[in-house]
S.K.: 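Here it is, the structure, as structure tokens.
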Amino acid sequence: MEEQQPASGLGKKVIDEATRRRLINNYFKVGHVEFPSWTSGRILLVYIGIFMGIVLIFYLKSAIPTIIFSTMCFVFAFWNFYQFLMPYFKAKKLYSERPLEEQMLYWLIKDLKETVKPKAIENLCLNISDIKPENFIIIPVPIFWEVPGIPSNLILRRGNSDTTYLYSIWRVQILALTKHYISLYKCNYNWLDNSINNETTNEFYFQDITSIRNDIQNIDFKFIDNPEKTVGTGRVFHVANKSGENMIVLNDIPSLQLPKNVAVNLEYVVSLLRMILRNRRFGIEREVAEPQEDKKTTTKEGQQQDPIQHNIEIKQKNLQQAMMPPKN
């Protein structure tokens with residue numbers, strides 16, 4: 001998961017938190033705006049007001065009553081025409097203010113790092129000075145099914161231009177890797193109002209871990225916008241300890257179609273933890289291939305380098321160096 005400052009647009013503007021949260025809400029709640037129908041109830045009142053005003057002009061004999069009553073009819077028609085158009089222009093204005101996709105991705109990763117990560121550090125009672133930033137792995141998974149405690153009208157998603165989706169509610173999982181143990185923090189994150197609930201934590205010492213594996217698991221939840229269809233399968237990361245307890249991290253649900261900037265590949269974490277376990281138990285200092293030196297990636301003009309693969313290689317190298325047990 002890589003944070004990239006947008007090159008243009010709202011990313012360069014300084015906006016307050018309330019405005020930013022309003023723009024995030026607009027992104028999900030304001031869809032395509034269509035001009036209202038000319039046969040709606042409001043416009044029918046406009047037609048009636050104009051018709052009655054014209055009739056009164058031609059059929060009332062006295063000038064003063066004609067002016068008064070016909071004017072009232074035209075005012076009535078104008079007011080209803082105003083009420084007919086204003087919702088459209090308000091919705092159009094809100095739609096025009098919707099952030100760009102790249103801006104939303106930047107804000108999402110920023111909020112996960114600045115709101116959720118500190119809560120994980122607090123709940124796990126971690127000393128941040130002892131843990132390098134690359135030792136935190138943030139794994140957000142969208143929630144797009146019914147969840148207790150979350151109103152269904154807040155569980156939203158919006159399609160991006162590349163057939164992926166952004167979501168309003170997330171199940172955020174944070175792995176913290178230290179020299180002696182692995183900690184896991186989970187919570188539900190409401191991006192619309194920047195709130196956190198349903199927090200859980202777990203922690204395994206390396207000497208108690210018996211197995212580490214990636215697996216495929218069926219997910220029985222039903223899409224909130226299609227109750228007849230299940231979410232399907234997802235990739236999960238299992239860590240088991242001696243007591244039989246499992247630490248489970250849901251990594252990827254293909255049917256939810258996450259943007260690549262948000263998706264996280266845990267393959268390198270599994271390889272690294274296996275290496276650490278073998279080091280602790282058997283003194284094997286190298287069991288996985290050394291990461292290759294970073295190479296400059298040639299990209300075409302206007303094309304961004306894939307941040308996920310690039311950072312996986314850098315993080316794997318840093319983690320191997322930071323977590324290698326000291327030699328006697």
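The analysis underlying the following values was restricted to heavy atoms, covering all of them including side chains, and did not include hydrogens, waters or symmetry mates.
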S.K.: Locate the shortest heavy-atom distance separating Ser70 from Gly53; write the atom from each residue and the value.
M.R.: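 Scanning both residues, the minimum pair turns out to be CB-O, 3.6 Å.
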S.K.: Counting N and O atoms only, with roles assigned by atom type, does the side chain of Glu101 sit under 3.5 Å from a partner on the main chain of Ser161, one being a donor and the other an acceptor?
M.R.: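 Yes, because the side chain of Glu101 sits within donor-acceptor range (under 3.5 Å) of the backbone of Ser161.
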S.K.: Taking the side chain as every heavy atom from C-beta outward, state whether Val141 and Gln173 have any atom pair closer than 4.5 Å.
M.R.: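 Of all side-chain heavy-atom pairs linking Gln173 with Val141, at least one is under 4.5 Å.
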S.K.: Of all heavy-atom pairs between Leu184 and Leu124, which one has the smallest distance, and what is that distance?
M.R.: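 Nearest heavy atoms, Leu184 then Leu124: O-CD2, 3.7 Å.
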S.K.: Mind running side-chain contact (heavy atoms from CB on, under 4.5 Å) on Tyr27 and Leu23 for me, showing each step along the way?
M.R.: CA-CA 6 Å; Tyr27 186 86; Leu23 292 172; over 6 Å; no
S.K.: Please name all residues satisfying side chain to side chain donor-acceptor pair (under 3.5 Å) with Arg157, sequence neighbours left out, ordered by chain then number.
M.R.: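 Per chain and number, Arg157 pairs via side chain to side chain donor-acceptor pair (under 3.5 Å) with Tyr167.
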S.K.: Would you mind reporting whether Val116 and Tyr185 have side-chain heavy atoms less than 4.5 Å apart?
M.R.: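 Yes; the side chains approach each other to less than 4.5 Å.
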S.K.: So how far is it from Leu112 CG to Ile174 CD1, rounded to the nearest 0.5 Å?
M.R.: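 One gets 7.5 Å once the value is rounded to the nearest 0.5 Å.
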S.K.: For Lys119, enumerate each residue passing the salt bridge (Lys or Arg N to Asp or Glu O under 4.0 Å) test, keeping only those at least two apart in sequence or located in another chain.
M.R.: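 Salt bridge (Lys or Arg N to Asp or Glu O under 4.0 Å) list for Lys119, sorted by chain: Glu199.
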S.K.: Check whether any side-chain heavy atom of Val231 sits under 4.5 Å from a side-chain heavy atom of Phe144, and report yes or no.
M.R.: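 Answer no - side chains too far apart.
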S.K.: Mind checking whether Arg158 and Tyr165 have side chains closer than 4.5 Å, heavy atoms only?
M.R.: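 Contact flag for Arg158/Tyr165 side chains = no.
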S.K.: Could you work out, with side-chain contact (heavy atoms from CB on, under 4.5 Å) as the rule, every residue matching Glu203, not counting sequence neighbours?
M.R.: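 For Glu203 the side-chain contact (heavy atoms from CB on, under 4.5 Å) partners, ignoring immediate neighbours, are Tyr181, Ser183, Tyr205.
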S.K.: Identify each donor-acceptor pair in which a side-chain atom of residues 235-244 lies under 3.5 Å from a protein atom, sequence neighbours left out, and give them as a table.
M.R.:
unit_1 : atom_1 : unit_2 : atom_2 : d
Arg235 : NH2    : Glu267 : OE2    : 2.5
Asn241 : OD1    : Ser243 : N      : 3.1
Asn241 : OD1    : Ser243 : OG     : 2.7
Asn241 : OD1    : Gly244 : N      : 3.3
Asn241 : OD1    : Glu245 : N      : 3.1
Asn241 : ND2    : Ser243 : OG     : 3.4
Lys242 : NZ     : Gln207 : O      : 3.4
Ser243 : OG     : Glu245 : N      : 3.4

S.K.: Do Leu175 and Ile139 come within less than 4.5 Å of each other through their side chains, counting heavy atoms only?
M.R.: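 Answer yes - side chains close enough.
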S.K.: For the OH atom of Tyr106 and the CD atom of Glu102, what is their distance to the nearest 0.5 Å?
M.R.: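 Here the interatomic distance stands at 11.5 Å.
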S.K.: Any donor and acceptor pair, going by atom type alone, linking the side chain of Ser168 with main-chain N or O of Leu156 inside 3.5 Å?
M.R.: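 Yes, because the side chain of Ser168 sits within donor-acceptor range (under 3.5 Å) of the backbone of Leu156.
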S.K.: Should we count CZ of Phe223 as having more than 12 external heavy atoms under 6.0 Å?
M.R.: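 For Phe223, atom CZ is crowded (more than 12 foreign heavy atoms under 6.0 Å).
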S.K.: State, with a plain yes or no, whether a side-chain heavy atom of Lys222 is found less than 4.5 Å away from one of Trp145.
M.R.: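 A side-chain contact is absent here, since even the closest heavy-atom pair is not under 4.5 Å.
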S.K.: List the atom of Pro254, the atom of Gly234, and the distance in Å for their closest heavy-atom pair.
M.R.: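 What the structure gives for the nearest pair is CD-CA, 4.4 Å.
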S.K.: Walk me through whether Arg22 and Glu17 qualify under side-chain contact (heavy atoms from CB on, under 4.5 Å).
M.R.: CA-CA 9 Å; Arg22 176 177 62 81; Glu17 175 61 20; over 6 Å; no
S.K.: Please report whether the ring centroid of Tyr82 lies less than 6.0 Å from that of Trp79.
M.R.: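 Centroid distance Trp79-Tyr82: below 6.0 Å, so yes.
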S.K.: Would you call Phe136 and Ile121 a side-chain contact if the rule is heavy atoms closer than 4.5 Å?
M.R.: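 Answer yes - side chains close enough.
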S.K.: Over 60° means perpendicular and under 30° means parallel, so classify the ring planes of Trp191 and Trp170, tilted if in between.
M.R.: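 Because their plane-to-plane angle is over 60°, the rings of Trp170 and Trp191 count as perpendicular.
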S.K.: Taking all atoms of both residues into account, what is the closest heavy-atom pair of Met104 and Leu166, and its distance?
M.R.: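 So the two residues come closest at CB-CD1, 3.5 Å.
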S.K.: What's the spacing between Lys186 NZ and Thr201 OG1 if we round to 0.5 Å?
M.R.: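 Here the rounded value is 11.0 Å.
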S.K.: Same cluster or not: Met72 versus Phe78, using hydrophobic residues (I, L, V, M, F, W, Y) connected whenever any side-chain heavy atoms lie under 4.5 Å apart?
M.R.: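 Different hydrophobic clusters.
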S.K.: Can you check whether Leu192 reaches Lys29 side chain to side chain, under 4.5 Å on heavy atoms?
M.R.: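 SC-SC contact between Leu192 and Lys29 confirmed.
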S.K.: How long is the straight-line distance from CD1 of Ile182 back to CD1 of Ile209, given to the nearest 0.5 Å?
M.R.: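 That separation rounds to 6.0 Å.
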S.K.: When rounded to the nearest 0.5 angstrom, what distance separates CG in Leu108 from CD1 in Ile24?
M.R.: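 With rounding to 0.5 Å, CG (Leu108) is 8.5 Å from CD1 (Ile24).
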S.K.: Side-chain heavy atoms under 4.5 Å apart, restricted to Ile/Leu/Val/Met/Phe/Trp/Tyr: what other residues fall into the cluster of Val75, or is it alone?
M.R.: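 Hydrophobic cluster check, Val75: no partners found.
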S.K.: Closest approach of Asn188 and Ile150, non-hydrogen atoms and distance?
M.R.: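 It is ND2-CD1, 4.2 Å.
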S.K.: Taking only residues two or more places apart in sequence or in another chain, which ones pass side-chain contact (heavy atoms from CB on, under 4.5 Å) with Tyr47?
M.R.: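 If we apply the side-chain contact (heavy atoms from CB on, under 4.5 Å) test to Tyr47, skipping adjacent residues, the hits are Trp38, Ile43, Leu44.
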S.K.: Say whether Asn197 and Tyr189, considering side chains only, have a donor N or O and an acceptor N or O under 3.5 Å apart.
M.R.: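 Per modelled atom types, Asn197 and Tyr189 side chains form no pair under 3.5 Å.
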S.K.: In the hydrophobic clustering (ILVMFWY, side-chain contacts below 4.5 Å, transitive), which residues join Ile216, or is it alone?
M.R.: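 Ile216 clusters with nothing; isolated.
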S.K.: Would the distance check show the side chain of Asn160 and the main-chain N or O of Thr163 forming a donor-acceptor pair, the cut-off being under 3.5 Å?
M.R.: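 Here the side-chain-to-backbone pair does not exist.
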S.K.: With sequence neighbours left out, what residues match Asn198 under side chain to side chain donor-acceptor pair (under 3.5 Å)?
M.R.: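 Side chain to side chain donor-acceptor pair (under 3.5 Å) check on Asn198 returns nothing, list empty.
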S.K.: Okay, side chain of Asn80, backbone of Phe76: is any donor-acceptor separation there less than 3.5 Å?
M.R.: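 Yes, Asn80 side chain to Phe76 backbone: donor-acceptor pair under 3.5 Å.
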S.K.: If I take atom NZ from residue Lys110 and atom CG from residue Leu105, how far apart are they, to the nearest 0.5 angstrom?
M.R.: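 Interatomic distance, Lys110 NZ to Leu105 CG, rounded to 0.5 Å: 14.5 Å.
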S.K.: Can you sort out the partners of Glu228 under side chain to side chain donor-acceptor pair (under 3.5 Å), two or more places apart, ordered by chain and number?
M.R.: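 Scan of Glu228 (side chain to side chain donor-acceptor pair (under 3.5 Å), adjacent residues dropped) gives none.
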S.K.: By salt bridge (Lys or Arg N to Asp or Glu O under 4.0 Å), which residues pair with Asp111, not counting sequence neighbours?
M.R.: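 Only Arg20, Arg21 meet the salt bridge (Lys or Arg N to Asp or Glu O under 4.0 Å) criterion with Asp111.
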S.K.: Could you pull out all residues at least two apart from Cys73 that satisfy side-chain contact (heavy atoms from CB on, under 4.5 Å)?
M.R.: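 Expected list: Met52, Leu56.
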S.K.: How about Gln217 and Thr233: does a side-chain donor come under 3.5 Å of a side-chain acceptor?
M.R.: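 Not at all, the side chains of Gln217 and Thr233 share no donor-acceptor pair under 3.5 Å.
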S.K.: Apply side chain to side chain donor-acceptor pair (under 3.5 Å) to Asp220 and list each qualifying residue two or more places apart in sequence or on a separate chain.
M.R.: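 By the side chain to side chain donor-acceptor pair (under 3.5 Å) rule, Asp220 matches no residue at all.
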